[in-house]
**Student:** 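Here you go, one structure.
The basis for the numbers below is simple: all heavy atoms, side chains too, and nothing from hydrogens, waters or symmetry mates. Letters go in sequence order (proteins before strands), and every chain restarts at 1. Note that the structure is predicted; figures quoted are calculated from it, not measured.
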Amino acid sequence: MAIESGQSNSALTTRLQQAVNWGRKYSLWPIPYGTACCAIEFMASVSSYHDLSRYGAELVRFSPRQSDLMIVAGTISYKQAPILKTIYAQMCEPKWVIAMGVCASSGGFYKNYGTLQGTDRVIPTDMYVAGCPPTPENLFHGLMKLQDKIDRDGIVSSEDRHGARARVEG
Amino acid sequence: MSERLVGALRAEFGEAILDSDDHRGDHHVTVDKGRLLDVLGHLRHREGCGMLADVVGVDYPDRPERFDVIYYLRSVERPEQIWVRTRVEEGEEVPSATAHWRSADWHEREVYDLFGVPFSGHPDLRRILCHHEFEGHALRKDYPVELGQELQETEKLFSDHDVARAAHRASLAQNPEGQGDEIAATDLLTINLGPSHPAMHGCLRAECLLDGETIVDARAEIGYLHRCFEKEAEDHTWAAVMPYTDRLNYCSPMLNNVIYAEAVEKLIGVEVPERGQVIRVIVSELSRIIDHLVCVGTNLVDMGALTMYWYTFNVREAMYQIIEGLCGSRLTTNYARIGGLSHDLYPGFEEEVREKLKMLEESIHDVVKLAARNRIFLDRAVGVGAISREDAIDFGFTGPALRACGVEYDARKMHPYLGYEDYDFDIPTGEDGDTHARIMVRMAEMIQSKRIIEQALDRLPDGPINVDDASVILPPKEQVYGSIEGVMNQFKLIYEGIQVPAGTAYGFGEGGNGELGFYCISDGTGHPYRIKVRPPCFPIFGAYAHLIRGGMISDAIATLGSLNIIAGELDR
């Protein structure tokens, strides 16, 4: 963005894409898909000491239709997986997914008959946050990385995400 | 005291008692399958073993009678416990103990789900932890640990017939004379509470049939966080199971660590030195405080009291700083070791704990002040989700939920471990067994935990924290890097695991939610043959449908929060 010289100081010019992305990345409305230990750390992240709202993702919504960022916090079992898929499908575009912690990212140390080996087996995942569970700082780092990614996104929907979705659904 | 029970059974049933043993003081009797229900009934009604606390299945594929089904009974008035075992072949039915206890319902379903042992006379024999489309029985020794199955359809808990039946019952309850309007099946609304619902902790599901806002009937479903702890345990060495225990009740991982270590130590027959024990008491009680803070904070926020959530979570955050200083991690602590602790306290620990305990007291004071006479809170909590003393025992309640009904059962007092008998503390109890009583019992328990920690800090002795036994505890690093014996010792303990002598032991203690126990079976190798967790949440959530039936939908949320169901422990 830049202030145009020769005009009054009240006008800014920018590219539409940049302005939209700027708005999107600082007003993420997360839906916590909390299932296990990571959900406890997610609660710590939103409570006053760590305070997620400092990063522009304050409005935690529990309705998928009102949110655009899903934070999968916890282990997803094969029994849970169809439900995760349904909830994801209920979110409006554009939408992003953070896999918080190793269970959501890859199954973690639960390599067994009950545990889905990562959320990306059923839904496209944008960001993986390491840790078991990740500290709140770690989650914030993941969130800021996601904001960088949104900054590079197209207005409608990035090909990158379309590609990921096609792979999962196909 | 429990040998009395064995004698009484032998006198009453004679030949039907096939065998009895008391390895490590846990009394087991093996009974003929045909007399099982008589023996259980006798223990319950004549010998005062009022609670069926767990049912354990064990698979021995090489034996003709392949499965052991073990009923764990206990008294809540006296320190008496007994395990009643029966042996069955594959496909052979066991008579269901649902005739005697309502808690048998879920426990037997679990054995059916994971081992495929059918129970005759069980009212609702379905899978419980695994998905209804799952094929095979996961805890059988021939089921591969990594064989996952992709599953599709979520199960409907109420069929059309069930809805019609519920509508008929609701009509009868409303108009016993048969006058007035009938409630038709189409008047009832079926709603799914959870599993993806903020108040249902992401993993609990209850399907409710609503007439207006009143819950006419409800059924609960679990297993959405079934992470196969028990199967994983069989695949690891005894020591490598420790990090998995962190993630059972992830609100109080230290308690799980300590109680698991105690259980395996009981099986090996070693005892941790005094300093180790006192530190274990301190971390256990810190953990209990954190557990109760999370429970009370989230329970109140579910009722709309956000301020209290900030108050409780601030002090919890302060407590986490102690835990983080102690073991480098906030939640998944992995602090206890079989035979001791991973390392000693850090410098300045004592002062920091004392300072944060002061903070805790202020915070409890603030929360109680905000809640005790708050009209909204009282309206939503008093008389809501109440359960009677008899029902609570019948359902297998332990911990704060049982004490809220006025039963003074606390494992720390009744079966003292870690030297709890030397501490001066009270057992807070309630009267009404409702949401309000459960919250208040938890608040009072935090104060008692604070008292215990202060006494423990006062008496903290010097000395070793680990047992002096090279076959249990890893050698110090100087030895590992400095001598071949040290290297070999480390190598064998890591790769082959601690060689636990063959046998069975049940180690348990007072967890955040009640009696947390590990029923361990060793075949004399470095890997557990079977570990069965006795999660306090499991029987408590088994009563959830009973608690919310007839209440409002908003009561269901308040009730659930006060029960403090932790899915990691519930589903394992």
**Student:** Quick check against the 3.5 Å criterion: does Thr332(B) have a side-chain atom that pairs as donor or acceptor with the backbone of Cys132(A)?
**Tutor:**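 A pair under 3.5 Å: yes.
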**Student:** Are the ring centres of Phe109(A) and Tyr244(B) closer than 6.0 Å?
**Tutor:**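 Between Tyr244(B) and Phe109(A), which both carry aromatic rings, the centre distance is below 6.0 Å.
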**Student:** Begin with the C-alpha distance, continue with both residues' side-chain angles, and end with the deciding distance and a verdict on side-chain contact (heavy atoms from CB on, under 4.5 Å) for Glu146(B) and Asn112(A).
**Tutor:** CA-CA 4 Å; Glu146(B) 288 180 10; Asn112(A) 55 36; 5.7 Å; no
**Student:** What I'd like to find out is whether the side chain of Arg121(A) reaches to under 4.5 Å of the side chain of Glu150(B), using heavy atoms alone.
**Tutor:**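 Heavy-atom side-chain distance check fails, nothing below 4.5 Å.
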**Student:** Let me confirm one number: the SG-CD1 distance from Cys203(B) to Ile76(A), rounded to the nearest 0.5 Å.
**Tutor:**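 Output value for this atom pair is 7.5 Å.
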**Student:** Taking the side chain as everything from C-beta on, heavy atoms only, tell me whether Cys37(A) gets closer than 4.5 Å to Arg247(B).
**Tutor:**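 The answer is yes, as the side chains (C-beta and beyond) meet within the 4.5 Å cut-off.
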**Student:** Identify which of Pro144(B), Gly223(B), Gly297(B), Gly568(B) forms the greatest number of heavy-atom pairs closer than 4.5 Å to chain A.
**Tutor:**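 Highest number of heavy-atom pairs under 4.5 Å: Gly223(B).
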**Student:** Rounded to the nearest 0.5 Å, what separates atom CD in Glu317(B) from atom NE2 in His50(A)?
**Tutor:**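 Here the rounded value is 3.5 Å.
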**Student:** So do the side chains of Cys130(B) and Tyr78(A) get within less than 4.5 Å of each other, counting heavy atoms only?
**Tutor:**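 No. Closest side-chain heavy atoms not under 4.5 Å.
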**Student:** Is chain B contacted by the side chain of Val46(A), its backbone, both, or neither, given a heavy-atom distance below 4.5 Å?
**Tutor:**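 Val46(A) touches chain B through backbone and side-chain heavy atoms alike.
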**Student:** Do His226(B) and Tyr110(A) have their ring centres less than 6.0 Å from each other?
**Tutor:**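 No, they do not, as the ring centres are separated by 6.0 Å or more.
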**Student:** Run the side-chain contact (heavy atoms from CB on, under 4.5 Å) test on Arg316(B) and Ile40(A) for me, step by step, so that the C-alpha distance in whole Å, both residues' side-chain angles and the decisive distance to 0.1 Å come before the verdict.
**Tutor:** CA-CA 11 Å; Arg316(B) 165 181 174 268; Ile40(A) 305 287; 2.9 Å; yes
**Student:** Could you give the distance from CD (Glu41(A)) to OH (Tyr250(B)), rounded to the nearest 0.5 Å?
**Tutor:**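 Glu41(A) CD to Tyr250(B) OH: 12.5 Å, rounded to 0.5 Å.
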**Student:** Give the member of His132(B), Glu155(B), Lys231(B), Gln149(B) that has the highest number of heavy-atom pairs under 4.5 Å with chain A.
**Tutor:**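 Going by pairs under 4.5 Å, I would pick Gln149(B).
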**Student:** Rounded to the nearest 0.5 Å, what's the gap from CG on Leu331(B) to SG on Cys38(A)? Could you check?
**Tutor:**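 Reported to 0.5 Å precision, the distance equals 8.5 Å.
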**Student:** Any side-chain heavy atom of Gln80(A) sitting closer than 4.5 Å to one from Leu225(B)?
**Tutor:**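 Gln80(A) does not reach Leu225(B) side chain to side chain.
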**Student:** Locate the shortest heavy-atom distance separating Cys228(B) from Gly114(A); write the atom from each residue and the value.
**Tutor:**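 Taking Cys228(B) first and Gly114(A) second, the nearest heavy atoms are SG-N, 3.4 Å.
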**Student:** Take Thr298(B) and Met43(A), measure what side-chain contact (heavy atoms from CB on, under 4.5 Å) needs, and give me the verdict at the end.
**Tutor:** CA-CA 10 Å; Thr298(B) 50; Met43(A) 288 199 288; 3.7 Å; yes
**Student:** Where does Ala39(A) contact chain B at under 4.5 Å (heavy atoms): side chain, backbone, both or neither?
**Tutor:**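 The answer is neither part of Ala39(A).
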**Student:** So does Glu133(B) pair up with Lys79(A), basic N to acidic O under 4.0 Å?
**Tutor:**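 Answer for the salt bridge query: no.
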**Student:** Checking Arg227(B) against Thr75(A): is there a side-chain donor and acceptor pair closer than 3.5 Å?
**Tutor:**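 Arg227(B) and Thr75(A) do have a side-chain donor-acceptor pair below 3.5 Å.
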